[in-house]
Amino acid sequence: MRFAEIDNCRETYPVERMCCCLKVSTSGYYGWRNCRPGPRAVANAALLEAIEAIHEASDEVEGSTWICQGFRSEGQTCSVNRVARLMHMNGMRGKPQLKKWHKKPSASRPAGVENLLDRDFSATAPNKCSVIDITYIRTDEGWLYLSIVLDLYSDLVVSWSMGNH
């Protein structure tokens, strides 16, 4: 940005001489100086403010991908590359998080919960023995958790529930 360099030093050196040394026209410099930002620059400035707010609210953890997904969930359209470019130009960067899966040993169970079946999965009548399973499903809106209750006699799903927590 030669014009920005000229603008920074215009109090110290004559503008005409700096333009001559940098081989740019003085009218081009004054045109640049008096120019209003275009619609894309205005939109980028507004988007950058929103990015900065989200980035600070997440303790500078969220990167361009998560910020862009947040915008899309709010109905605002933008690309990941545009968010990444604006973040990079302004020195913002997400902090990568280590994903640690803490699996409990299969023998541990909460206090007060007993294993009534003791690995005997044969049922002699309906609605006498049931098992429960929980799984998680990744969607565009985030993780959904599905829990089901299965009757061992008929192998039918007795009940199910899905939620985000």
Side-chain angles (χ1 to χ4, degrees), residues 1 3-5 7-8 32-165:
M1 282 295 243
F3 292 139
E5 295 167 1
D7 204 42
N8 289 337
W32 169 83
R33 190 152 185 252
N34 297 326
C35 173
R36 292 190 187 109
R40 180 73 169 185
V42 171
N44 280 343
L47 185 60
L48 181 61
E49 284 183 25
I51 290 170
E52 287 173 342
I54 293 171
H55 192 63
E56 287 178 22
S58 72
D59 292 328
E60 299 180 354
V61 170
E62 289 190 2
S64 57
T65 305
W66 288 104
I67 291 175
C68 188
Q69 285 181 356
F71 286 142
R72 288 181 182 161
S73 68
E74 293 173 1
Q76 185 176 354
T77 57
C78 65
S79 71
V80 176
N81 292 335
R82 184 178 179 192
V83 172
R85 178 178 47 82
L86 290 173
M87 287 180 69
H88 179 73
M89 287 173 50
N90 291 282
M92 290 185 282
R93 194 171 168 201
K95 294 177 187 171
Q97 299 294 307
L98 297 175
K99 292 186 178 180
K100 294 181 181 178
W101 292 92
H102 299 288
K103 184 179 177 185
K104 287 184 176 180
S106 61
S108 69
R109 73 177 49 88
V113 176
E114 297 179 34
N115 184 359
L116 300 176
L117 293 179
D118 198 28
R119 303 203 60 83
D120 179 19
F121 298 111
S122 58
T124 57
N127 298 326
K128 295 290 183 189
C129 293
S130 305
V131 290
I132 299 171
D133 191 21
I134 300 172
T135 188
Y136 50 94
I137 305 162
R138 185 178 193 122
T139 66
D140 289 338
E141 297 174 356
W143 289 101
L144 286 180
Y145 299 92
L146 173 67
S147 65
I148 63 165
V149 178
L150 184 69
D151 182 31
L152 288 178
Y153 181 78
S154 62
D155 287 336
L156 293 175
V157 174
V158 176
S159 175
W160 63 273
S161 176
M162 184 177 286
N164 60 357
H165 63 282

In the structure I gave you, are the side-chain heavy atoms of [X] and [Y] within less than 4.5 Å of one another anywhere?
| X | Y | result |
| --- | --- | --- |
| Phe3 | Glu5 | no |
| Leu48 | Asn90 | yes |
| Leu152 | Val131 | yes |
| Cys78 | Cys68 | yes |
| Pro126 | Ser154 | no |
| Ile137 | Leu146 | yes |
| Ile51 | Glu56 | no |
| Thr124 | Tyr153 | no |

Pairwise distance [atom1]([X]) to [atom2]([Y]) - rounded to 0.5 angstrom:
| X | Y | atom1 | atom2 | value |
| --- | --- | --- | --- | --- |
| Arg93 | Glu60 | CZ | CD | 12.0 Å |
| Ser122 | Lys128 | OG | NZ | 14.0 Å |
| His88 | Asn81 | NE2 | CG | 13.0 Å |
| Trp66 | Ile54 | CH2 | CD1 | 13.5 Å |
| Cys129 | Asp151 | SG | CG | 8.0 Å |
| Ile132 | Ser159 | CD1 | OG | 9.0 Å |

Give a yes or no on this: more than 12 heavy atoms of other residues, nucleotides or ligands lie within 6.0 Å of atom [atom1] of [X].
| X | atom1 | value |
| --- | --- | --- |
| Asn34 | CG | yes |
| Glu74 | CD | yes |
| Met89 | CE | no |

What closest approach, in Å, do [X] and [Y] show between heavy atoms, and which atom pair accounts for it?
| X | Y | value |
| --- | --- | --- |
| Met92 | Leu86 | CE-O, 4.5 Å |
| Ala41 | Pro37 | CB-CB, 3.9 Å |
| Ser79 | Arg72 | CA-NH2, 4.0 Å |

Decide yes or no on side chain to side chain contact (heavy atoms under 4.5 Å, CB included) for Met87 and Ile67, but give the supporting numbers first.
CA-CA 10 Å; Met87 287 180 69; Ile67 291 175; 3.9 Å; yes

Please evaluate residues Gln69 and Asp140 with respect to the criterion side chain to side chain contact (heavy atoms under 4.5 Å, CB included), reporting the C-alpha separation (whole Å), side-chain torsions for both, the decisive distance (0.1 Å), and the verdict.
CA-CA 9 Å; Gln69 285 181 356; Asp140 289 338; over 6 Å; no

Relative to each other, are the rings of Trp143 and Tyr136 parallel, tilted or perpendicular (30° and 60° limits)?
perpendicular

So does Glu62 get a backbone contact from the side chain of His55, meaning a donor-acceptor N/O pair under 3.5 Å?
yes

